[in-house]
Amino acid sequence: MAASDSPVLLYAFVLLAAVAYLSAWLKQSKRCNVPTLGPSAPLLSYWGAFRYITSPRKVLEEGQVKFGGRPFRVASMLRWQYIVSSPELIEELRRAPDSQLDPLAAADDILHFVEALGTTFASNTYHVPIVRTTLTKNIGGLLPSVLDEMRIAFADFVPAGRRDWQAVSAYNAITRIVTQTSSRIFVGAPLCRNPELIRLTMSYTPSVMKTGILMKLSPGFMKPIVKQMFGAIEPLIDSTHQLLLPTIEERQRMMAQHGADWLDKPNDMLQWLMDAAEGEERTSRGLTARLLAVYFAATDTAAICLIYALYRLAAHPEYAELLREEVESAIAEDGWTREAFRKMPRVDSFLKETMRLQGPSSLLLQRKAMKDFTFSDGTFIPKGSHVATSPAATHLHIAYYADPLTFDPWRFVGADDAAASEGTSRFATTSPEYLLFGYGRHACAGRFFAEIQLEMMMAHIVTTYDVRLETPGVLPRPVEFGSVSLPNMSAKVLFKERVGKE
Ligand code: HEM
């Protein structure tokens, strides 16, 4: 008789699993000194987890009110999520070393990218300083080509030349436009508009997540087989590699022939990676995989933010005229240059205010405790749990923002003149009460590029089109699942090309 046929063995297994679960629960609950929002008893906590996963913002707001800004925890399906709210604890959260509270490990628990891509990938992050420094330094010089690509992409995905209202599926169109425009500085033209490259790079994030989840669910010895048989990521890297290979080989040939510099050397992300890569990373496949990682960080995040801003604009067309006036006057003075974008405080404020109320995540400064961690007030975070702060404690808190639940598009106009005069515009400026891009040493490396890209696209939209929602005034509901918050994917925005536009 096979072991699985014996009910006694099955009962014994279930009993052992229940004892192990209860003893783990008892052990952790003995050490816990943080109140729980919702049930904390074994199994019942899954009800709390279900509520949190399906309505994260509502639950986090309840916690903020119920515990009056003191730390609390909520159950999520796989772990406890701790929330800290006071400025002192938020400061400790951001200052803690990665060996104690790690942002990458927290992101990996949610997106599963390390399982999908391999641990060497997570330990070698040589692309981060390239994004942070080389990309940021080159923004001004690359602006004309980014602008050119954005216009081409908009004309393709939001058909031009028609004077009637056209319903456009905003999620698809904007994601494609942002991907193609970013591609212009990642791989250059005309490769950036190759429909296959756009398709592959847009499929990358979902493929990484799918592969990561499959791997996570598989027992250790099965992982390589599962990855080989069912993983979506390797075939996707292979296809992208085939597409990029002629370009990479040609550049490698030029590098071998001319050394570090030559006439018309490309100035894009692929080349910066090629200049910096070492060892395995120098191979054409290694470079392709690394470039895809930059797409992973750059395109979905920026697209999500632009879609939220577009929905706001389409819901409030009355704001378009003031934005348009500002853009047209800045462009008349300086053309479509970096200087002009510095003279668009309303555009900047509109974006910042949109994302204050609704960004891509319902948690901010999310970290994983790599070991037991105790805050200065004694709040204890057990190893393996996640700790973050919430919009309710920061972006939506009355201590930082007057009338915090109201959308006030001009809230940040003139709010931070020092930052504006230094050329660090307000949208990308991080602070303890504005955490869209994180804060401190791990703050988003690409935020200055993201800022100018989004400002440019908003400026283009208001000067080229009138926009409306299909159902006037009703913002399309976002899709929230745990800490991830995506704009509504089926909503359509009506576009009409403006008569007499520049
Ligand atoms: C509006 C769009 C974007 C948003 C909202 C966003 C948000 C974030 C956030 C919240 C983090 C983590 C910060 C932390 O844990 O403290 C981050 C990290 C990062 N982002 Fe962005 N991001 C955006 C666009 C971009 C773009 C366009 C790029 C690249 C061109 C980029 C590259 C990166 C990189 C490389 C990191 C890792 C930084 C590090 O570990 O030191 N991001 N981003």
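The figures here come from the full heavy-atom set of this structure, side chains too, leaving out hydrogens, waters and symmetry mates. Indexing begins at 1, ligand by ligand and atom by atom, following the structure's order. Note that this is a predicted model, so its numbers are computed, not measured.
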Check [X] against ligand 1 and report side chain, backbone, both or neither, counting heavy atoms closer than 4.0 Å.
{"X": "Thr301", "answer": "both"}
{"X": "Arg367", "answer": "side chain"}
{"X": "Leu135", "answer": "side chain"}

Identify the protein heavy atom lying closest to [atom], giving its residue, its atom name and the separation to 0.1 Å.
{"atom": "atom 20 (N) of ligand 1", "value": "Cys444 SG, 3.2 Å"}
{"atom": "atom 13 (C) of ligand 1", "value": "His442 O, 3.2 Å"}
{"atom": "atom 26 (C) of ligand 1", "value": "Ala298 CA, 3.5 Å"}
{"atom": "atom 35 (C) of ligand 1", "value": "Ala445 CB, 3.8 Å"}

inquiry  = Tell me whether ligand 1 is touched by Val294 - counting only heavy atoms on the residue side and a distance under 4.0 Å.
reply    =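 Val294: no contact with ligand 1 (<4.0 Å).
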key: ligand 1 contact by Arg132, heavy-atom criterion under 4.0 angstrom   =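 The answer is yes, since Arg132 has a heavy atom less than 4.0 Å from ligand 1.
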message = Quiz question for you: does at least one protein heavy atom lie closer than 4.0 Å to atom 39 (C) of ligand 1?
response =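 Looking at atom 39 (C) of ligand 1, one finds that a protein heavy atom does lie closer than 4.0 Å.
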query = Which of the atoms in ligand 1, numbered in the order shown and given with their element, are less than 4.0 Å from a heavy-atom of Val131?
reply =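 This gives 29 (C), 30 (C) as the contact atoms.
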inquiry  = Is it true that Gln271 and Asp275 share a donor-acceptor pair across their side chains at a distance under 3.5 Å?
reply    =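 Looking only at side-chain atoms, Gln271 and Asp275 do form a donor-acceptor pair, the distance falling under 3.5 Å.
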request  = Look only at the side chain of Ser183 and the backbone of Phe186, and say whether a donor-acceptor pair between them is shorter than 3.5 Å.
outcome  =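 No, Ser183 side chain to Phe186 backbone: no donor-acceptor pair under 3.5 Å.
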